[in-house]
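We use all heavy atoms of the structure for the numbers below, so side chains are in, but hydrogens, waters and symmetry mates are not.
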Number of protein chains: 2
Amino acid sequence: MNVTIYDVAREANVSMATVSRVVNGNPNVKPATRKKVLDAIERLGYRPNAVARGLASKKTTTVGVIIPDISSIFFAELARGIEDIATMYNYNIILSNSDQNKEKEIHLINSMLGKQVDGLVFMGGKITEDHVREFQNASVPVVLAATVDETHSVPSVNINYEEASYEATKTLFGKGNEHVAFISGPLETNINDQKLSGYYRAIEEQGKSYGDRYVIRGDYTYDSGIEALDQLINMEERPSAVFVASDEMALGVIHGAQDKGLRVPEDVEVFGFDNTRLATMVRPTLSTVVQPMYDIGAVSMRLLTKYMNNEKVEEQNVILPHRNIERNSTKS
Amino acid sequence: MNVTIYDVAREANVSMATVSRVVNGNPNVKPATRKKVLDAIERLGYRPNAVARGLASKKTTTVGVIIPDISSIFFAELARGIEDIATMYNYNIILSNSDQNKEKEIHLINSMLGKQVDGLVFMGGKITEDHVREFQNASVPVVLAATVDETHSVPSVNINYEEASYEATKTLFGKGNEHVAFISGPLETNINDQKLSGYYRAIEEQGKSYGDRYVIRGDYTYDSGIEALDQLINMEERPSAVFVASDEMALGVIHGAQDKGLRVPEDVEVFGFDNTRLATMVRPTLSTVVQPMYDIGAVSMRLLTKYMNNEKVEEQNVILPHRNIERNSTKS
DNA sequence: CTGAAAGCGCTAACAT
DNA sequence: ATGTTAGCGCTTTCAG
């Protein structure tokens with residue numbers, strides 16, 4: 001049997017209440033008794049039982065984190081930001097992968113609420129009404145990290161994907177490209193919708209009207225980037241520039257092009273999205289939209305702590321700044 | 001206030017015990033009453049409180065996972081393996097980053113034990129006596145994933161790093177290279193020691209006696225690969241092949257070489273370690289040692305479940321198979 | 001500043 | 001097959 005608060009109390013000749021006070025740093029304890037208790041704790045090797053504490057206090061100091069796939073370089077970076085801030089505020093994290101699967105997501109939300117987490121950070125592709133309903137019934141605060149809810153009814157931290165996309169596309173037109181293609185992510189996610197409309201806006205601004213002729217659907221993976229390039233290369237009036245919805249996919253595009261004998265950026269310019277570490281791990285190095293993944297995670301968690309502590313929050317839907325960084329996959 | 005088992009009991013006109021039985025799938029319940037209870041649960045929106053359950057049953061169905069850095073592509077893959085199997089066995093995971101910092105590691109172990117995890121998966125660089133002591137005092141099982149404890153006193157899942165290293169180096173010599181360099185990871189970790197001695201064994205077998213002349217210390221990062229190549233290139237009798245302790249660092253070596261005008265593999269062959277997804281995301285594609293990260297994670301977790309269920313385990317120190325895969329960064 | 005005592009919501013004997 | 005009843009280890013009034 002493990003040593004309990006009761007054992008410590010006896011060993012120190014005080015009541016459990018007093019032990020509880022010193023363990024919790026309550027100032028209302030005479031220094032002498034505090035020391036007695038501390039000694040007893042030391043001697044017995046007492047370690048507070050967080051489960052019992054959680055039951056009594058209704059706080060577990062753990063938050064749930066639902067993530068599409070922790071092995072994705074993008075989400076892993078987000079998770080690190082979340083975890084660092086959680087640690088800073090003395091929370092632990094329960095982490096589960098959803099694979100963007102709606103049933104799994106709903107199930108995980110409920111499972112975590114069952115574990116009595118004090119809050120929830122949610123990352124996903126598509127926020128449906130069902131999601132919103134779950135969040136609103138949740139009894140603990142929820143914040144969305146790098147995932148947009150069109151109704152704006154759930155607190156969130158994001159960048160402006162539409163604007164970022166618009167700017168990137170515009171940059172590419174600014175370099176004299178006649179046609180700019182867009183390799184999208186999975187079509188049914190909110191963020192991808194935003195990216196797409198940013199791309200369309202830039203195109204319309206150019207007075208072009210080819211609609212989705214140069215839009216190719218990918219799934220954010222390296223291989224899908226290669227495949228997308230295969231499609232692109234066979235087009236008549238092949239675009240001389242391509243804006244890609246993720247860095248990893250952009251690497252696929254670059255290598256796909258190079259494998260076909262095209263030079264980057266001379267024959268085709270490519271512009272990525274995210275600025276993951278991959279962007280500098282390729283030749284030519286990748287021009288890309290800087291999305292501060294770590295910060296999004298960190299800010300999400302910080303926002304969540306505010307809700308958990310009932311602090312006042314200025315803005316429930318935070319938009320972090322983004323920027324473009326030009327490297328060698330685009331012409332200078 | 002949330003609805004409790006007691007509320008359900010009243011609503012269904014049964015005792016809490018019965019409700020508990022149906023919630024836990026105990027077969028000793030008449031179908032009719034089971035239905036009554038299930039209906040009441042549905043009507044009230046009852047969700048069992050895992051914390052109370054944990055206190056009463058002394059099982060939390062959560063396991064702790066201590067990982068150096070979740071944003072590392074290597075560890076993230078391991079984590080995914082762990083999480084998938086955990087989910088399969090109905091466990092949740094509490095995940096924390098240690099940055100390989102010993103104090104943090106010890107602190108995390110204790111913090112997780114305080115949370116009453118049912119088991120622990122530990123990943124780290126160096127297992128000291130202090131670590132082993134903590135593990136042995138732990139009262140719950142612990143398994144090491146992709147981290148070696150030289151005393152073999154803690155259950156673990158690994159590959160044979162010494163042998164893998166030896167084979168890779170030998171392969172490089174087999175291609176007619178006069179000198180083969182080794183870019184190591186941080187010197188003070190057990191796994192790196194094993195890799196190093198595999199390299200030395202291959203060298204000695206060749207009758208070479210240049211000791212550590214061609215060993216350069218890296219830290220597994222891309223940039224350190226680039227730096228290592230800078231050092232290499234200035235050596236007299238520059239090696240024509242280099243074995244690199246991680247894929248990411250190997251990409252740095254390849255690009256460092258290319259940036260200096262060297263051709264890979266013609267001027268310098270490079271061989272990586274891990275077979276992360278990066279290995280195919282570079283040109284030329286990277287020859288490397290295949291370390292099954294996902295499987296190591298999955299098997300670790302599976303092993304842990306065996307200990308948690310008091311199942312018999314055949315071998316407490318599991319060695320998974322590895323192999324070499326030759327791509328285009330080495331000559332054929 | 002300290003102690004007594006009542007739960008927190010559930011499981012697990014033990015009865016019946 | 002179902003109900004009764006002790007706890008699990010801690011926090012939290014409420015007294016003193």
Side-chain angles (χ1 to χ4, degrees), chain A residues 1-38 40-41 44-62 90 110-111 113-118 139-140, chain B residues 1-38 40-41 44-62 90 110-111 113-118 139-140:
Chain A
M1 200 64 281
N2 252 313
V3 13
T4 76
I5 201 175
Y6 183 72
D7 300 322
V8 176
R10 265 206 323 200
E11 174 82 10
N13 267 304
V14 297
S15 69
M16 340 182 347
T18 298
V19 177
S20 176
R21 287 191 188 97
V22 348
V23 168
N24 292 294
N26 184 317
N28 288 353
V29 182
K30 194 166 27 165
T33 45
R34 177 186 306 282
K35 180 164 183 350
K36 258 197 323 189
V37 172
L38 256 15
I41 286 177
L44 267 39
Y46 169 71
R47 173 191 297 138
N49 180 324
V51 173
R53 185 187 296 210
L55 183 58
S57 70
K58 305 184 154 311
K59 296 202 158 307
T60 55
T61 62
T62 105
N90 266 302
N110 282 294
S111 153
L113 293 176
K115 292 251 172 166
Q116 310 300 117
V117 294
D118 294 338
S139 77
V140 297
Chain B
M1 201 65 282
N2 252 312
V3 14
T4 76
I5 201 174
Y6 182 72
D7 300 323
V8 177
R10 266 205 324 200
E11 173 82 9
N13 267 307
V14 297
S15 70
M16 335 177 359
T18 299
V19 177
S20 177
R21 286 191 187 95
V22 347
V23 168
N24 292 292
N26 184 317
N28 288 354
V29 182
K30 191 164 33 163
T33 45
R34 176 185 309 281
K35 178 162 184 350
K36 256 197 325 191
V37 172
L38 255 16
I41 287 177
L44 268 39
Y46 169 70
R47 173 192 297 138
N49 180 323
V51 172
R53 186 189 297 212
L55 184 59
S57 70
K58 303 184 153 313
K59 298 201 157 307
T60 54
T61 62
T62 106
N90 266 303
N110 282 295
S111 152
L113 293 177
K115 292 252 173 164
Q116 310 301 114
V117 294
D118 294 338
S139 77
V140 296

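- Judged purely by atom type and a 3.5 angstrom limit, Lys58(A) has no side-chain atom pairing as donor or acceptor with the backbone of Gln116(A).
- For Ala52(A), the side-chain contact (heavy atoms from CB on, under 4.5 Å) partners two or more places apart in sequence, or in a different chain, are Asn49(A), Leu55(B).
- Of all heavy-atom pairs spanning Lys115(A) and Val51(B), the tightest one is O-CG2, 3.7 Å.
- Between the CD atom of Gln116(B) and the C1' atom of dC10(D) there is a distance of 11 Å, given to the nearest Å.
- One finds a side-chain N or O of Lys58(B) lying less than 4.0 angstrom from the OP1 or OP2 phosphate oxygen of dG9(D).
- Nearer the 5' end of DNA chain C, as judged by each residue's closest nucleotide, is the contact made by Asn13(A), out of Asn13(A) and Leu55(B).
- In this structure Asn24(A) satisfies the side-chain contact (heavy atoms from CB on, under 4.5 Å) test together with Ser20(A), Arg53(A), sequence neighbours excluded.
- Contact between Val23(A) and Tyr46(A) at its shortest, heavy atoms only, is CG2-CE2, 4.0 Å.
- Shown for residues 26-36 of chain B: residues whose heavy atoms fall under 4.0 angstrom of DNA chain D, namely Asn28(B), Val29(B), Lys30(B), Thr33(B).
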* **Contact letters for nucleotides 10-16 of chain C, in which S counts primed atoms plus P, OP1 and OP2 and B counts the base, heavy atoms under 4.0 Å** => BBB----
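- A straight line from CG of Asp7(B) to P of dC8(C) spans 11 Å, rounded to a whole angstrom.
- Residues in residues 26-35 of chain B take part in these side chain to side chain donor-acceptor pair (under 3.5 Å) pairs, two or more places apart or across chains: Lys35(B)-Asp39(B).
- Between atom CG of residue Asp7(A) and atom OG1 of residue Thr4(A) there is a gap of 4.0 Å, rounded to the nearest 0.5 Å.
- A search for side-chain contact (heavy atoms from CB on, under 4.5 Å) contacts involving Lys59(B) returns Ser57(B), Asp118(B), not counting sequence neighbours.
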